[in-house]
Amino acid sequence: MTSTKPSSAAKGAPAESAPAAALHVGTSDPRTLIMNNLRQSGIFVALVVIVALFAFLTDGLSLSPGNITNIVLQYSYILVLAIGMVIVIIGGHIDLSVGSVVALTGAVSAVVVIRQGQPWWVGVIAAVAVGLAVGAWHGFWVAYVGIPAFIVTLAGMLLFRGLTLRVLDNISLSPFPTEYNQIAAGFLNGLIGGDGYDAFTLLIGGIAVAGYVVSGFRTRVARIRYQQPVESFALFVARMALVGAVVMWFAWQLANARGLPIVLIILAALVLVYGLLTRRTVFGRQVYAIGGNLSAAMLSGVKVRTVNFWIFVNMGFLSAVAGIIFSSRSNGAQPAAGNMFELDAIAAAFIGGAAVTGGVGTVVGAMVGGLIMAVMSNGMQLMGVDQSMQSVVKGLVLLVAVAFDVYNKRRAGAAR
């Protein structure tokens, strides 16, 4: 009698390793994937449509190398604010003071560097210190006193705008030294050569694509290991190829303009760090828990006051970074700097998929929402659209984004 060894499947072990299974498991129905991730997939589709629309309306001018570079330089500080704002909104709060904090931190940096003659990096440290102090001020009143963030930051908007006027004595200060100005207006170009283009920019683009592919594959394997639905391998490869092509096209446009903007490196580092912070750390999970269900978070042992305090300290820090970038690009500090920046940051977060009630949102989504606002503003400027009409369009887009969020919630409730 011949004995047969039980197969690994009979023992309960998977027939394939996770990486091998990643090549086969999943759904090949794109419509199902899109509908299951409607909030996130919708904003990417909207970004593609808006980019294509303005490329058509401006006869391709909006996609020229010079204009792509200008978009990065002109809206980088709004994208920095959007990173902090989406974390605030996920936690169930709002911050109306960030524009005033941008003005105050830029003013402090200008006084230290221009008026007092200190090195440029001392101004940067001073601005960050002020931003952290402002964040701690807000965090104290929200977390430990229990005043709603809307009221605290509304008071902060008035308070820190007034302090900006006092710091600057109601006058503008300029110019900054060249080193400070390079933070937002400098480029890395010619480090490894290139014939009519900057090869270093293309190298960085290639590294970014490689990192995205590796991260995407690891995420796919992890989802399969925990028996979560994923797209078919063919769709996965197509998505990687599409994103890679877009990133390399973007890098090519920059390489053919002035090279890699320094401010883009700062922004990319922030996106990477905060993407990991929100998705892979205890703090990030606690922020989602507080915004999603405060009572459940408290019962599960989350230190709500501590987390809320650090949410606003972080917002103060990122407001300082945005203030440094804005003052560097402006090559000076003005009493009216940062006006309405908070609304642009809030709009970026909501358009990017954040929920009004908290508990939902991503850093990448906020970046896409900010890019949608940036492309629309830039495109309308190229077309010569009046400023008043630009405000009308932005307001309607924000309203539609929030209405879309409400629709998603009702749709999810009906499905139950």
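The first residue of the sequence shown is numbered 1, and numbering continues consecutively from there. As the structure is a computational prediction, the values presented were derived from the model and not from experiment.
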*Where do Ser109 and Val124 come nearest, in terms of heavy atoms and distance?*
OG-N, 4.1 Å
*Atom pair CD1 (Ile114) and CG (Leu173), whose distance is rounded to the nearest 0.5 Å*: 5.5 Å
*Just checking, Arg220 and Phe236: is the charged tip under 6.0 Å from the six-membered ring centre and within 45° of the axis?*
yes
_Side chains of Phe250 and Val72, heavy atoms from C-beta outward: is any pair under 4.5 Å?_
yes
*For the pair Asp95 (side chain) and Ser97 (backbone), establish whether a donor and an acceptor sit closer than 3.5 Å, ignoring hydrogens and angles.*
yes
*Any donor-acceptor N or O pair under 3.5 Å, side chains Thr278, Tyr288*: no
*Is there a donor-acceptor pair closer than 3.5 Å between any side-chain N or O of Gln286 and the backbone N or O of Val304?*
no
*asked:* Could you check whether any side-chain N or O of Thr201 sits under 3.5 Å from a backbone N or O of Leu260, counting only pairs where one atom can act as donor and the other as acceptor?
replied: yes
*side chain to side chain contact (heavy atoms under 4.5 Å, CB included) between Phe140 and Arg305: does it pass, once the steps are laid out?*
CA-CA 9 Å; Phe140 169 76; Arg305 288 183 176 181; over 6 Å; no
*Does Arg239 CZ have over 12 foreign heavy atoms under 6.0 Å away?*
yes
*Kindly indicate whether the side chain of Ile325, heavy atoms from C-beta on, has any atom under 4.5 Å from the side chain of Val80.*
yes
*Would you check if the side chain of Ser319 reaches a backbone N or O of Met315 as a donor-acceptor pair within less than 3.5 Å?*
yes
*Flag the pair Asp169 / Arg115 as yes when at least one side-chain heavy-atom distance between them is below 4.5 Å, and no otherwise.*
yes
_A side-chain contact here means heavy atoms from C-beta on lying under 4.5 Å apart; do Met157 and Val101 qualify?_
no
*Parallel, tilted or perpendicular: which fits the ring planes of Trp252 and Tyr197, with parallel below 30° and perpendicular above 60°?*
tilted
*Distance (rounded to the nearest 0.5 Å) between Phe217 CZ and Phe233 CZ*: 6.0 Å
*asked:* Can you tell me how far apart CG (Asn378) and CG (Leu371) are? Round to the nearest 0.5 Å.
replied: 11.5 Å
*Using a 4.5 Å cut-off on heavy atoms from C-beta on, say whether the side chain of Leu254 contacts that of Ile68.*
yes
*asked:* Are the side chains of Met376 and Phe54 in contact, using a 4.5 Å heavy-atom criterion?
replied: yes
*Return yes if some donor-acceptor pair links the side-chain N/O of Ser328 with the main-chain N/O of Ala184 below 3.5 Å, else return no.*
yes
*Identify the heavy atoms of Phe187 and Arg258 that sit nearest to each other, and give their distance.*
CB-O, 3.3 Å
*Of all heavy-atom pairs between Thr153 and Leu96, which one has the smallest distance, and what is that distance?*
OG1-N, 3.1 Å
*Could you tell me whether a side-chain N or O of Asn67 sits under 3.5 Å from a main-chain N or O of Ser62, the two making a donor and an acceptor?*
yes
*Could you state the interatomic distance from OH (Tyr274) to OG1 (Thr281), rounded to the nearest 0.5 Å?*
11.0 Å
*With distance as the sole test, does Asn331 use its side chain to make a donor-acceptor pair with the main-chain N or O of Phe176 at under 3.5 Å?*
yes
*Considering all heavy atoms, the nearest Gly131-Ala320 contact*: CA-CB, 3.9 Å
*Is there a side chain to side chain contact (heavy atoms under 4.5 Å, CB included) between Val263 and Ile183 once you walk through the steps?*
CA-CA 6 Å; Val263 72; Ile183 295 173; 6.0 Å; no
*What distance do Leu57 atom CG and Met380 atom CE have between them, rounded to the nearest 0.5 Å?*
11.0 Å
*Could you pull out the closest heavy-atom pair between Val145 and Trp141, with the gap in Å?*
CB-O, 3.4 Å
*Work out which heavy atom in Ala322 is nearest to a heavy atom in Val102; give both atom names and the distance.*
CB-CG2, 4.0 Å
*Just by distance, do the side chain of Arg161 and the backbone of Pro335 share a donor-acceptor pair under 3.5 Å?*
yes
*Look only at the side chain of Ser377 and the backbone of Met373, and say whether a donor-acceptor pair between them is shorter than 3.5 Å.*
yes
*Decide yes or no for Val392 and Gln387: does some side-chain heavy atom of the first lie under 4.5 Å from some side-chain heavy atom of the second?*
no
*Pairwise distance CD1(Ile346) to CG(Leu81) - rounded to 0.5 angstrom*: 10.5 Å
*Phe309 pairs by side chain to side chain contact (heavy atoms under 4.5 Å, CB included) with which of Thr306, Val313, Ile311?*
Val313
_Donor-acceptor pair, side chain of Asp198 and main chain of Asn189, under 3.5 angstrom_ = no
_Pair Phe341, Phe326 - check side chain to side chain contact (heavy atoms under 4.5 Å, CB included), show working._
CA-CA 11 Å; Phe341 281 13; Phe326 182 74; 3.6 Å; yes
*Full working for side chain to side chain contact (heavy atoms under 4.5 Å, CB included) between Leu61 and Ser64*: CA-CA 5 Å; Leu61 182 60; Ser64 65; 4.1 Å; yes
